[in-house]
Structure formats: structure tokens, C-alpha cells
K.L.:
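I have a structure here, written as C-alpha cells, and I will follow up with some questions on it.
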Number of protein chains: 2
Amino acid sequence: MTAKKPEKPTFICGLDASLRVMSGKWKPLIMYFLYYESRRYGELKRCVQGVTHKMLIQQLKELESDGIVARKDYKEIPPRVEYSLTPLGLTLAEAFKPLCDWGEKNQSAIAAALTKRKRG
Amino acid sequence: MTAKKPEKPTFICGLDASLRVMSGKWKPLIMYFLYYESRRYGELKRCVQGVTHKMLIQQLKELESDGIVARKDYKEIPPRVEYSLTPLGLTLAEAFKPLCDWGEKNQSAIAAALTKRKRG
């Protein structure tokens with residue numbers, strides 16, 4: 001008799017694997033804002049405009065559990081907690097860069113398409 | 001008196017803009033499978049493993065409305081409908097490539113993290 005092994009996830013392709021880590025409405029933006037520097041929680045929340053406290057904490061926990069984000073609690077009062085990208089998280093954030101450039105370049109076309117979509 | 005203009009979406013940054021077009025569980029994979037060739041509907045559905053008919057149609061409609069995917073109906077019986085990337089869609093798919101490579105390279109780390117997440 002052997003214990004049942006936990007099921008290992010399978011991926012359709014490399015992109016599918018990346019998306020499993022990134023998927024979550026706010027995750028790419030969280031990584032984006034941690035790319036250049038580590039940030040305290042409140043600062044990060046101000047950067048990621050529109051995210052709720054509950055949602056931000058949940059996404060940060062998953063990113064931490066996936067080895068993308070590191071959380072450092074300085075055990076101070078008032079509390080001081082800082083988030084940063086791990087070395088693995090940094091490589092993922094780097095892989096985003098072309099998407100940032102694409103969005104920058106096509107911003108007005110995207111805005112027009114989204115306006116049309118809302119009305120259509 | 002002036003008519004109220006429809007609200008134009010604003011973006012936090014280039015990445016945010018890209019994500020508005022890409023967001024949707026299956027959209028990046030749809031673009032990925034249309035990158036090398038145009039595909040008939042049934043073929044595309046077989047590629048994007050796990051997607052339902054309703055979901056695939058909805059995501060394709062949004063991608064079409066956003067100018068990323070083109071739909072060609074050959075008006076034949078039995079029906080023959082082909083999907084392909086537009087020139088804009090091609091540039092977006094190209095911006096994905098580093099993410100494909102990242103996922104390929106880190107597949108086992110990602111699988112381990114996801115297994116832990118499910119159990120944790």
C-alpha cells in the first residue's frame with residue numbers, strides 16, 4: 001500500500017505555467033511596483049490604485065507562497081512590514097517588460113477599444 | 001448644452017493597459033495558439049484545453065472587438081469560420097514571448113509552488 005501522491009499540476013505550455021503564477025487581477029501590477037524597490041504595505045496599496053485591503057493581502061500571500069514575493073516584518077511598533085521581489089520574482093518581472101512597452105505604445109488604441117466594448 | 005462624453009478609461013501604466021486587453025482566463029492562450037497560424041473554431045477549442053464553448057466564444061468576441069483577433073466566416077455549409085491574429089494582435093503575442101520562456105524554464109518550481117498552495 002502506498003500513500004496517494006498529491007496531484008502535480010500539468011501545463012499546456014510555458015505561457016500557461018507563467019499565467020498560473022501571475023493570474024490574479026492585481027498580481028502583475030504588484031510585481032511591477034515592487035520591481036525597482038521594496039515597499040511598505042501602505043505605500044504598495046497607494047500604488048495599486050483601486051485594490052481593496054482584503055484583496056491585496058490575499059494576492060501578496062499567494063505571491064509569497066509561490067516564491068515570487070518576500071515579506072519582511074521588522075517587528076516594530078507601529079508595525080513595519082516590507083515587501084520585495086525574490087530573485088525568481090525579479091526574473092518574472094523582467095519577462096513582463098515587453099508587455100509594459102506594448103501597453104505604453106498602444107494606450108490610445110486600447111482606450112478606444114475598451115470604450116467601444118463597454119457601449120457595445 | 002453638450003452631450004455627456006463617454007468616459008475614457010485611464011491606465012496606471014503601460015502594463016495596466018496591456019492587462020485590460022489580455023485579462024480573461026483564456027485570452028493569452030488563445031493568442032498563443034493563433035500566433036503561428038489561423039485556426040478553425042473546433043481546432044482552437046481542442047488547443048485551449050479545458051475551455052467551455054460559451055467561454056471561448058465570449059473571449060473571442062472581446063478579442064475581436066478589441067482589434068486583436070480577426071474572424072473570417074467563409075459562409076459555407078457546413079460552417080467554416082477561421083480565427084487569426086490581426087497585425088496589432090501579432091505585436092501583443094510577440095510581447096508575450098519572454099513569459100513563455102520564463103514558464104518553460106521554471107515549470108517544476110511553479111508546479112511545486114502550486115501543489116503547496118493547494119494543500120496549504
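Per chain, numbering begins at 1; letters A, B, ... match sequence-line order.
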K.L.:
Nearest 0.5 Å, what's the SG-CD distance between C13(B) and E104(A)?
P.N.:
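The CD atom of E104(A) is 7.5 Å from SG of C13(B), to the nearest 0.5 Å.
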
K.L.:
How many angstroms lie between atom NZ of K27(B) and atom CG of L19(A), to the nearest 0.5 angstrom?
P.N.:
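Reported to 0.5 Å precision, the distance equals 13.0 Å.
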
K.L.:
Please list, chain by chain and in numerical order, all residues satisfying ring pair (Phe, Tyr, Trp, His ring centres under 6.0 Å) with F11(B), sequence neighbours excluded.
P.N.:
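Once residues adjacent in sequence are excluded, F11(B) has no partner under the ring pair (Phe, Tyr, Trp, His ring centres under 6.0 Å) criterion.
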
K.L.:
Within this structure, what is the CH2-CG distance for the pair W102(A) and L92(B), rounded to the nearest 0.5 Å?
P.N.:
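Reported to 0.5 Å precision, the distance equals 4.5 Å.
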
K.L.:
Atom CD of Q49(A) and atom OG1 of T10(B): how far apart are they, to the nearest 0.5 Å?
P.N.:
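So the CD of Q49(A) and the OG1 of T10(B) are separated by 8.0 Å.
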
K.L.:
Measuring only between side-chain heavy atoms, which start at C-beta, is S18(B) closer than 4.5 Å to C100(A)?
P.N.:
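No, too far: nothing below the 4.5 Å cut-off.
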
K.L.:
Among A111(B), G50(B), C47(B), A17(B), which has the most heavy-atom pairs under 4.5 Å with chain A?
P.N.:
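Highest number of pairs under 4.5 Å: A111(B).
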
K.L.:
For the atom pair CG (L99(B)) and NZ (K97(A)), what is the distance rounded to the nearest 0.5 Å?
P.N.:
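Interatomic distance, L99(B) CG to K97(A) NZ, rounded to 0.5 Å: 13.0 Å.
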
K.L.:
Please round to the nearest 0.5 Å and tell me the distance separating atom OH of Y35(B) and atom CG of L15(A).
P.N.:
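Y35(B) atom OH to L15(A) atom CG measures 12.5 Å (nearest 0.5 Å).
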
K.L.:
Less than 4.5 Å apart, any side-chain heavy atom of N106(A) and any of L88(B)?
P.N.:
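Yes, their side chains come closer than 4.5 Å.
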
K.L.:
How would you list, by chain and number, every residue that makes a ring pair (Phe, Tyr, Trp, His ring centres under 6.0 Å) with Y41(A), sequence neighbours excluded?
P.N.:
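Counting only residues at least two positions away or on another chain, Y41(A) forms a ring pair (Phe, Tyr, Trp, His ring centres under 6.0 Å) with H53(A).
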
K.L.:
Shared ILVMFWY cluster between Y36(B) and L60(B), side chains joined below 4.5 angstrom?
P.N.:
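Linked, Y36(B) and L60(B) end up in one cluster.
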
K.L.:
Do the non-hydrogen side-chain atoms of K116(B) and S65(A) ever get within less than 4.5 Å of each other?
P.N.:
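The answer is yes; the side chains approach within 4.5 Å.
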
K.L.:
Is there a side-chain contact between I110(B) and D66(A), using heavy atoms and a 4.5 Å cut-off?
P.N.:
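Side-chain contact under 4.5 Å: no.
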
K.L.:
Out of R20(B), E62(B), K105(B), which one racks up the most heavy-atom pairs below 4.5 Å with chain A?
P.N.:
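The answer is E62(B).
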
K.L.:
Specify which of T91(A), V21(A), D16(A), D101(A) makes the most heavy-atom pairs with chain B at under 4.5 Å.
P.N.:
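Of the options given, most contacts go to T91(A).
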
